[in-house]
Structures are given as structure tokens and as C-alpha cells.
Amino acid sequence: MSKRMLVILGHADGDSYCAALAQTYAAAARAAGNEVRMLRLGELDFDPVLRHGYRVIQPLEPDLQAAQQAISWAEHLVWVYPIWWGALPALLKGFIDRTFLPGFAFKYRRPDSPWWDKLLAGRSARLLVTLDTPGWYFRWIYRMPGHQQMRRTILGFCGIRPIRIGSFGPIRGSSAAQREKWLRQAARLGQRD
């Protein structure tokens, strides 16, 4: 059964290895009969800084309005980004800060309530994440802070599940043959998701 998929490239450099992973995944997903759209955050025009927190909601730029429409349209969200300093790149975090707003991604039930409604429920997610840290070190020593942030405190908080994570790395020092192997893995995921 085909799905509506949105691939979100969270790396600003359109020539990065993350971009290659995103394009490979998207091409395989299309070939499998899915409807695929792509957001390249590095090409969007928006202020990534949430200037007043949620006290004052900044007007959304046209690119962010279109991004919210694409997220609403999608059944499956594919996030492709590097782990930098243990977490998401600033551009991707700023995109989430500006688009996953109260009333769009979640809604507290009352102003004084700790309970909320998960407004993006019914969607699934795949994370394709590059690392320069060896996977075992990221998992056992650092405890995967970037993965936990996306899985639990962002996507899960908004009701997106299941969330599957594919880690690729370490990229630094990897051979061309290894990077080709990872691209084939991304293609298989695109065909299966």
C-alpha cells in the first residue's frame, strides 16, 4: 500500500552525504509506488530563532506555512540529518521550534494542565542520521542524546509513532565503498517503508 511521505533534509548543505541519503531514500520510495515530497531546509527562507518562546507566536514565513501543510499531508515523515555535538543541527532544531507549534503539533488541555493532546498522531517516522562518533560510543557512552531528543521529546511528544532510526557512521574516515553500502541500505529502507 502506498504512502504519502515527506523527506526532510535537515543538513543545510545540498551536496552533503545527508543529501545523498535523502535523495537515495526518496528515489527508492517513489519507485516502490509511494508519493514522496522533499523539504530541503537549507533552501527555505525563515528565521530559525524562536524569538519569544511560546509567549508570542511569530508569524510564519511562507516557507514554514508550506512546510506545515506538507507535514499535515504526510503519513510518514523521514528526517535526514547529522548529529553535531550530540544533537540536531541548529537549522533543524530551529525549523522544529518554529513549525511544531502549540495548536499545530500539540495542545495543552488547559493552561494549568500538565496533559496535552498529540496533534500529529497517526503519522510514523524514520530517522536517517549520520554520525562521526562510532555507533557503540554514541550509544553506550553518550546514551544517544540526539536520538532520544527526536524520538521522545519531539516526535513522540506530538504523537508520531512508530519512530525507527537508522544510524550511518562514522562518516569521517569512511571509505567510498562503505558510503555506497550505506546508500544501498537507505534505498532498501525507502523501498520497505
Practice prompt. Give a yes or no answer on whether the side chain of D47 reaches the backbone of V49 with a donor-acceptor pair at less than 3.5 Å.
Written response: yes
Worksheet item: Should M5 and V80 be regarded as members of a common hydrophobic cluster, given that ILVMFWY residues are connected when their side-chain heavy atoms come within less than 4.5 Å of each other, either directly or indirectly?
Response: yes
Worksheet item: Given the rule in the side-chain contact (heavy atoms from CB on, under 4.5 Å) test, do L88 and W79 qualify, once you have shown the distances and angles that lead to the verdict?
Response: CA-CA 11 Å; L88 317 176; W79 302 81; over 6 Å; no
Worksheet item: Are any of the side-chain heavy atoms of Q58 and F46 separated by less than 4.5 Å?
Response: no
Discussion item. Can a donor-acceptor pair be found, under 3.5 Å and without considering hydrogens, that links the side chain of W84 to the backbone of A90?
Written reply: no
Worksheet item: Going from CZ on R109 to CG on D117, what distance comes out if it is rounded to the nearest 0.5 angstrom?
Response: 4.5 Å
Worksheet item: Where is the tightest heavy-atom contact between G156 and I163, given as atom of each residue plus distance?
Response: N-CD1, 3.8 Å
Worksheet item: When rounded to the nearest 0.5 angstrom, what distance separates CZ in R164 from CZ in R151?
Response: 10.0 Å
Discussion item. To the nearest 0.5 Å, what is the distance between CD1 on I8 and OG1 on T99?
Written reply: 7.5 Å
Item to complete: Before giving the answer on side-chain contact (heavy atoms from CB on, under 4.5 Å), spell out for L183 and Y17 the whole-Å C-alpha distance, their side-chain angles and the decisive distance to 0.1 Å.
Response: CA-CA 9 Å; L183 289 175; Y17 188 71; 3.7 Å; yes
Worksheet item: Less than 4.5 Å apart, any side-chain heavy atom of F106 and any of L120?
Response: no
Item to complete: Please identify each residue that fulfils side-chain contact (heavy atoms from CB on, under 4.5 Å) with R192, with sequence neighbours left out.
Response: L189
Discussion item. Quick check: do W182 and T130 have side-chain heavy atoms less than 4.5 Å from each other?
Written reply: no
Worksheet item: Is it the case that one hydrophobic cluster holds both Y137 and W140, taking links as side-chain heavy atoms less than 4.5 Å apart, direct or via other members?
Response: yes
Practice prompt. Might you point out which heavy atoms bring R30 and V36 nearest each other, and give the distance in Å?
Written response: NH2-O, 3.3 Å
Discussion item. Less than 4.5 Å apart, side chain to side chain, heavy atoms only: is that true for I141 and T133?
Written reply: no
Response to the item:
NZ of K181 to CZ of R184, rounded to nearest 0.5 Å, is 8.0 Å
Item to complete: Could you pull out the closest heavy-atom pair between M150 and L127, with the gap in Å?
Response: CB-CD1, 3.8 Å
Item to complete: Grab the two heavy atoms, one from A28 and one from A187, that are nearest each other, plus how far apart they are.
Response: CB-O, 3.2 Å
Discussion item. Could you check whether any side-chain N or O of R4 sits under 3.5 Å from a backbone N or O of W73, counting only pairs where one atom can act as donor and the other as acceptor?
Written reply: yes
Worksheet item: Just wondering, do Q68 and Q65 contact through their side chains at under 4.5 Å, heavy atoms?
Response: no
Practice prompt. Measure the acute angle between the ring planes of H147 and F138, then classify it against the limits of 30° and 60° as parallel, tilted or perpendicular.
Written response: perpendicular
Discussion item. For K93, I'd like to know if atom NZ has over 12 heavy atoms of other residues, nucleotides or ligands within 6.0 Å.
Written reply: no
Discussion item. Test of understanding: clusters of I, L, V, M, F, W, Y form through side-chain heavy atoms closer than 4.5 Å, transitively. Do I57 and I96 belong to the same one?
Written reply: yes
Worksheet item: With distance as the sole test, does R123 use its side chain to make a donor-acceptor pair with the main-chain N or O of L77 at under 3.5 Å?
Response: no
Worksheet item: At their closest point, which heavy atom of K3 faces which heavy atom of H76, and how far apart are they?
Response: CD-CB, 4.2 Å
Worksheet item: Between D132 and P170, which heavy-atom pair has the shortest distance, and what is it?
Response: O-CB, 3.1 Å
Fill in: Backbone of S2 reached by a side-chain donor or acceptor of E35 within 3.5 Å
no
Worksheet item: Which distance, rounded to the nearest 0.5 Å, do you find between the CG of N34 and the CG of D193?
Response: 8.5 Å
Worksheet item: Are L91 and Y81 close enough that some pair of their side-chain heavy atoms sits under 4.5 Å apart?
Response: no
Practice prompt. Check the pair Q148, T153 against side-chain contact (heavy atoms from CB on, under 4.5 Å), reporting the backbone distance first and the verdict last.
Written response: CA-CA 7 Å; Q148 297 301 338; T153 64; over 6 Å; no
Worksheet item: Would you find a donor on one side and an acceptor on the other, under 3.5 Å apart, between the side chain of R161 and the backbone of A121?
Response: no
Item to complete: Could you tell me whether R152 atom CZ has more than 12 heavy atoms of other residues or ligands within 6.0 Å of it?
Response: no
Item to complete: Count the heavy atoms of every other residue, nucleotide or ligand shown that sit under 6.0 Å from CZ of R179, and state whether that count exceeds 12.
Response: yes
Worksheet item: Looking at CG of D97 and CG of L50, how far apart are the two atoms once the value is rounded to the nearest 0.5 Å?
Response: 5.5 Å
Worksheet item: Given the rule that I, L, V, M, F, W and Y join up when any side-chain heavy atoms are under 4.5 Å apart, are L41 and L155 in one cluster?
Response: yes
Discussion item. Taking the side chain as everything from C-beta on, heavy atoms only, tell me whether F168 gets closer than 4.5 Å to L131.
Written reply: no
Worksheet item: Can F157 be reached from F100 by stepping across I, L, V, M, F, W or Y side chains whose heavy atoms are under 4.5 Å apart?
Response: yes
Discussion item. Quick one, Y54 and L101 - any side-chain contact, counting heavy atoms below 4.5 Å?
Written reply: yes
